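Have a look at the structure below, then the notes.
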There are 2 protein chains.
Amino acid sequence: MILSRACNYGILASLYIAKEERTKTGYTSIRHLSEELNISFHFLTKILQTLTAEGILHSHKGPKGGVMLARNADEITILDLVYAIDGEDIFTECVLGLPGCGNEEPCPMHFQWAEVRENLKDMFEHKTLAETAGEVEEMKLRLSNFVRGEKQ
Amino acid sequence: MILSRACNYGILASLYIAKEERTKTGYTSIRHLSEELNISFHFLTKILQTLTAEGILHSHKGPKGGVMLARNADEITILDLVYAIDGEDIFTECVLGLPGCGNEEPCPMHFQWAEVRENLKDMFEHKTLAETAGEVEEMKLRLSNFVRGEKQ
DNA sequence: TTGATTTAAGATTAAAAGCTCTTTATAATC
DNA sequence: GATTATAAAGAGCTTTTAATCTTAAATCAA
């Protein structure tokens, strides 16, 4: 898998929050997110703690607490989430795992891989939460881990 | 990491074998491969067993034994190795990890990801061992896990 | 001010990936 | 035949990732 499971969950949850915030204000509880998306509550809590620490979300304890986007949804990209959770390694690592691979000491796939990798990065960078959450709503795209029919 | 470590090692070893076979015939011992590439002998043995079982390599026990390419080097692509070791999952999996994601029930990144993924697959498919091993030799590209100067 | 609700934090467990060790089977050479 | 070199096979250890459990801290509302 190209992204870690934590990163998958972090993206799905952030998209869900962005979608909610199109019509309501205030915090979204992690319990609610975990139920809607079918993600373990405690695991999701940890992931969202990371996003909070990275300044992408705000959190609030107590009743009516939860998390919300710390910036405008069109100022947060999927790339921001990937960086926050998985780091930037996937955009710098050698595809054959050679330490120190780069333009100076390239592995046999370095230049081709660098191109694909750049496309991947562009893809993540051009997807804002605002735009993507909009698509999710208009096109009724999936966000949850449920398979068709299994709950909603 | 996009490919497993086992897959990295399998590719590096196969390229080394292809390079050797440009000038010599017969088997290349796994011990030799593991020393040249700085890869654990037992681990590499297992990986190459898989490639042998998949019909990509031939093996031979006893003195002067080892492994050799089972087909002509221009008839083996890096994609063949990836399929044999990691399977085809990375070319079918959802980038957000949603089960059953596809054209019918797409996740919010499905179509963009499908494109990047196809580029990645093309990249692996167009790299034959013959061509790549040639480049390694002509351009003195790296194959081993050693960092510069550490043995060479 | 007490109780309920919620995130924070850290310890623990489970599963997967990566790696090592030992033994066995086979083949070549002397 | 005995010895040595080699791959095959499988058991088992280590590290990383994923997930769970427990307790603490903060906040709100009655």
Side-chain angles (χ1 to χ4, degrees), chain A residues 1-13 17 26-70 82 85-87 89-90 93 96-97 99 145, chain B residues 1-14 17 26-70 85-87 89-90 93 96-97 99 145:
Chain A
M1 233 196 286
I2 176 106
L3 302 177
S4 71
R5 212 158 262 268
C7 195
N8 288 160
Y9 293 164
I11 293 170
L12 293 171
I17 297 166
Y27 295 98
T28 303
S29 91
I30 301 180
R31 176 69 63 186
H32 176 71
L33 288 168
S34 82
E35 281 165 4
E36 286 298 312
L37 300 174
N38 196 25
I39 297 171
S40 143
F41 168 73
H42 291 291
F43 192 26
L44 185 57
T45 294
K46 274 211 189 142
I47 298 162
L48 299 187
Q49 269 171 34
T50 304
L51 292 180
T52 301
E54 292 286 326
I56 292 170
L57 300 179
H58 274 152
S59 68
H60 195 74
K61 290 180 183 176
K64 306 239 168 154
V67 290
M68 65 189 302
L69 301 183
V82 173
I85 300 170
D86 278 352
D89 281 5
I90 62 166
E93 269 177 355
L96 297 182
N145 259 317
Chain B
M1 235 196 285
I2 176 103
L3 301 177
S4 71
R5 213 157 262 270
C7 194
N8 288 161
Y9 293 164
I11 293 169
L12 294 171
S14 299
I17 297 166
Y27 295 96
T28 303
S29 89
I30 301 180
R31 176 70 62 186
H32 176 71
L33 287 168
S34 83
E35 281 164 2
E36 286 298 312
L37 299 174
N38 195 25
I39 297 171
S40 145
F41 169 73
H42 290 290
F43 193 26
L44 185 57
T45 294
K46 273 207 191 150
I47 297 161
L48 299 188
Q49 271 171 33
T50 303
L51 291 180
T52 301
E54 293 285 327
I56 291 169
L57 299 179
H58 274 154
S59 69
H60 196 73
K61 291 180 181 176
K64 307 239 168 154
V67 289
M68 67 188 303
L69 301 182
I85 299 171
D86 278 352
D89 281 5
I90 61 166
E93 269 177 354
L96 297 183
N145 259 318

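Everything numeric in this text was worked out from a predicted model, so none of it was measured. As a basis for the values below, the full set of heavy atoms in this structure was taken, side chains included, without hydrogen atoms, waters or symmetry mates. In what follows, every chain begins at residue 1, and chains take the letters A, B, ... in the order their sequences are listed.
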Calculate the interatomic distance between B:Leu3 atom CG and C:dA17 atom C1'; express it in whole Å.
15 Å
Donor-acceptor contacts, no H, no angles, side chain residues 40-61 of chain A, under 3.5 Å, sequence neighbours left out:
residue : atom : partner : partner atom : Å
A:Ser40 : OG   : A:Phe43 : N            : 3.2
A:Thr45 : OG1  : A:Phe41 : O            : 2.8
A:Thr50 : OG1  : A:Lys46 : O            : 3.2
A:Thr52 : OG1  : A:Leu48 : O            : 2.8

Tell me which of A:Pro63 and B:Gly66 sits closer to the 5' end of DNA chain D, going by the nucleotide each one is nearest to.
B:Gly66
Chain A footprint on DNA chain D, 5' to 3' - any atom under 4.0 Å from a heavy atom:
D:dA18 to D:dC28
For B:Ile39 and C:dG18, what is the distance between atoms CD1 and C1' respectively, to the nearest whole Å?
13 Å
Does the side chain of B:Ser40 get closer than 4.0 angstrom to OP1 or OP2 of C:dT20 through an N or O atom?
yes
Any side-chain heavy-atom pair of B:Leu3 and B:Ile85 under 4.5 Å:
no
Sorted by number, residues from residues 55-62 of chain A placing a heavy atom under 4.0 Å from DNA chain C are A:Ser59, A:His60, A:Lys61, A:Gly62
Could you state the interatomic distance from CG (B:Asp89) to CE (A:Met1), rounded to the nearest 0.5 Å?
9.5 Å
Rounded interatomic separation in angstrom, taking OH from B:Tyr27 and P from C:dT26
16 Å
Rounded distance in Å - CG (B:Asp86) to P (C:dG18):
8 Å
Determine to 10° how strongly the helix from C:dT1-D:dA30 to C:dC30-D:dG1 is bent, judged from the axes of its five-pair ends.
10°
Got a sec, which residues hit side-chain contact (heavy atoms from CB on, under 4.5 Å) with A:His32, two or more places apart in sequence or on another chain?
A:Tyr16, A:Glu20, A:Thr28, A:Ser29, A:Glu36
Qualifying side-chain hydrogen bond (donor to acceptor under 3.5 Å, both in side chains) pairs, either residue in residues 3-14 of chain B, two or more places apart
B:Ser4-B:Asp86
Figure out the NZ/P separation between A:Lys64 and C:dT7, and round it to whole Å.
14 Å
Tell me, do A:Leu12 and A:Leu33 make a side-chain contact under 4.5 Å, heavy atoms counted?
no
Which residues in residues 41-52 of chain B have a heavy atom closer than 4.0 Å to any atom of DNA chain C?
B:His42, B:Phe43, B:Lys46
